[in-house]
Amino acid sequence: MTTEHQTLALLLFSVFVAATLAITTWVSRNRHGSAEEFYVGGRLFSPMENGFAIAGDYMSAASFLGISGLIALFGYDGMLYSVGFLVAWLVVLLLVAELVRNCGRFTLADVVAARMSEHPVRIAVGSSSVTVSVLYLVAQMVGAGSLVSLLLGGNSGAAQTWAVIGVGALMVIYVTLGGMRATTWIQIVKAVLLMTGSILLTVLVLVRFHGDFNQLLNSAAHRSGHGMKFLAPGLKYGGDWTSRIDFISLGLALVLGTAGLPHILSRFYTVPTARAARRSVVWSIGLIGGFYLMTIVLGFGAAALVGSDQVRASNPAGNTAVPLLALEVGGGAGSTGGTVLFAVVAAVAFATILAVVAGITLASSASVAHDLYATLRRGSAKQRSEVAVARVAAAGIGAVAIGLSLLAKDLNVAFLVGLAFAVAASANLPVLLFSLFWRNFTTRGAVWSVYGGLIPAVVLVVLSPVVSGSPTSLFPGMDFQFFPLENPGLLSIPLGFLAGWLGTVTSPEPPDAARHAEAEVRSLTGAGAV
């Protein structure tokens, strides 16, 4: 990459980082240190503001870099990620958004603990939330490593390492100083930048093909090296029955996982009412729907204008397809337009990563402090000490995510997010739905549901081709692969529901009808909601 690319992109990086640090510093001067302020920004955001922030949380590096890269490499099969991520929001809107806002206070565990014994439930749900968050963080930081490596010219291992460490340090600063209020405003700024950049790139790609989408698809197929197979199902997931079943597993994880993501659920608490939470989701669906339609154009545009082989040569997982496309539609390598557009897109992608990791880190540190620490102290934790623990937890979670990201640096970021979604759908979604809708659900059922989904999901990932047994694994030189699917959702999601049912029907304690009735009225009407 030329010196002009590097200088301009690094300048834009610096401008965004400086602006977000200024926001964080300003917010930190105006906070009063309460748990409500740190975790949910005082519940003062409007539906539109929160909708933009939710969209900012969800439109991550996995979407902007990973999905477009998968489409550029695998055509139709890569596009299925866009469909899965978008359809998932219907589940969120119809089943959980309003009810979660009415039942909870800060975290997912609040919803479940409303009618259960708090101590075992909070430990189980808090542990699950931290696991999901760390997996999601790894995906974002791998994206940061790929991006900065491309910017500095080639696949520099040192560049990737320092990029991951830098992102980790910045996210800890955002969370510890600014809490939810700073994180939300960073998300809003990032969402506007990402939508603007995506619209600009989409328009430039379509102009290249005179608005003829059919010509774009034919050109992509021609330069993909696969011919018309590029536009048909089966290039990635149709080779044999294992890959087809793997696709079904992935689809289940994507559609059901969003409703179990801790950092998405926590956003519903930042608005004053359940009606505002529902309207926030409507705003976010509009933004997210438009964005995922654009990722399809960007992915096929990268295949058509850059070429699948060149994308793969730059990054085997396809994570650099969009920056390479920006360079091409701007006028090509060495041109002023290409340099400027590449730098803008790289900076927007970097902003995307910084904003998303801040939101995830805040949600996971809240789970550590509010669910694990406060529960182990058996309610004696004061609000200020709980917030202090959350700040320390943010640093610890950041360190763990950095270490795992360096191991997973060669995997596609959208694929890594698929694993996080599978764990969320297996461990968090069953207990959430049972708590909201099953009258006879008990504490044992809740604990079994979480661990019955979480443990199989994590174990199956460890025993899958993701970790060992293939050249693209985390440990390519080792082979302890026993589970053939790359995504565990097809098996682990039903196990989560089954464990919850089994724990309930074998529970010696009777269901608490009074607490269920109270929780039901509160979830449906908002009476007594915080």
Side-chain angles (χ1 to χ4, degrees), residues 36 39-41 43 45 47 50-51 53-58 60 85 88-114 121-122 124-137 180 183-184 187 253-271 273-274 276-281 283-285 288 356 358-371 390 417 420-421 423-437 446 449-450 453-454 496 519 522-523 529-530:
E36 187 170 52
Y39 294 144
V40 295
R43 310 186 201 279
F45 292 100
N50 197 43
I54 291 173
D57 247 335
Y58 199 68
S60 64
F85 281 133
W89 278 99
L90 298 178
V91 178
V92 176
L93 178 61
L94 295 174
L95 291 181
V96 302
E98 187 172 354
L99 304 182
V100 165
R101 173 60 187 86
N102 283 336
C103 285
R105 188 174 177 219
F106 299 137
T107 65
L108 169 63
D110 290 336
V111 180
V112 183
V121 166
R122 285 193 180 276
V125 178
S127 301
S128 170
S129 296
V130 171
T131 303
V132 172
S133 298
V134 168
L135 281 172
Y136 210 111
L137 278 173
M180 178 59 86
T183 300
T184 299
Q187 296 285 17
L254 295 182
V255 171
L256 299 178
T258 300
L261 292 175
H263 68 290
I264 296 296
L265 294 174
S266 66
R267 295 232 60 93
F268 298 140
Y269 303 129
T270 64
V271 290
T273 65
R278 189 173 64 249
R279 290 174 60 200
S280 297
V281 176
W283 271 100
S284 65
I285 286 176
I288 291 165
V356 171
I360 302 166
T361 305
L362 179 61
S364 53
S365 63
S367 290
V368 170
H370 183 63
D371 298 329
V417 164
F421 273 57
V423 177
S426 304
N428 292 345
L429 182 65
V431 72
L432 178 60
L433 294 183
F434 279 147
S435 298
L436 291 174
F437 299 112
S449 181
V450 173
L454 176 64
R522 181 171 162 184
S523 67
V530 178

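One is the number of the first residue; the rest follow in order along the sequence.
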Side-chain contact, heavy-atom cut-off 4.5 Å: Asn428 with Pro262? yes
Taking all heavy atoms of Val121 and all of Ala113, pick out the closest pair and write down the distance. CG1-N, 4.1 Å
Shortest non-hydrogen contact from Ala425 toward Ala253: CB-O, 4.4 Å
Closest non-hydrogen atom pair, Val130 against Ser367: CG2-CB, 4.1 Å
Rounded to the nearest 0.5 angstrom, the CZ-OG distance for Phe45 and Ser280 is 11.0 Å
Tightest non-hydrogen contact, residues Ala259 and Leu432, listed as O-CD2, 3.6 Å
Return the minimal non-hydrogen interatomic distance between Ala124 and Val450, and the atom names on each side. O-CG1, 3.4 Å
Taking atom CG of Asn50 and atom OH of Tyr269, what is their separation to the nearest 0.5 Å? 12.5 Å
Distance-only donor-acceptor check, side chains Tyr58 and Thr258, under 3.5 Å: yes
Can you list the steps and then say if Thr270 with Arg267 is a side-chain contact (heavy atoms from CB on, under 4.5 Å)? CA-CA 5 Å; Thr270 64; Arg267 295 232 60 93; 4.1 Å; yes
Minimum-distance pair of heavy atoms, taken over all atoms of Leu362 and Ser365: O-OG, 3.0 Å
Partner of His263 under side-chain contact (heavy atoms from CB on, under 4.5 Å), picked from Thr183, Val132, Ile360, is Ile360
Hey, could you give me the CH2/CD1 distance between Trp283 and Ile54, rounded to the nearest 0.5 Å? 12.5 Å
Main-chain N/O of Ser127 paired with Thr131 side-chain donor or acceptor, under 3.5 Å: yes
Looking at Ser449 and Ala446, would you say the former's side chain and the latter's main chain have a donor-acceptor pair under 3.5 Å? no
Out of curiosity, Phe421 CZ to Leu256 CG, how far, rounded to the nearest 0.5 Å? 11.0 Å
Check whether any side-chain heavy atom of Arg122 lies under 4.5 Å from a side-chain heavy atom of Asp110, and answer yes or no. yes
side-chain contact (heavy atoms from CB on, under 4.5 Å) between Phe268 and Val281, worked out: CA-CA 9 Å; Phe268 298 140; Val281 176; 3.4 Å; yes
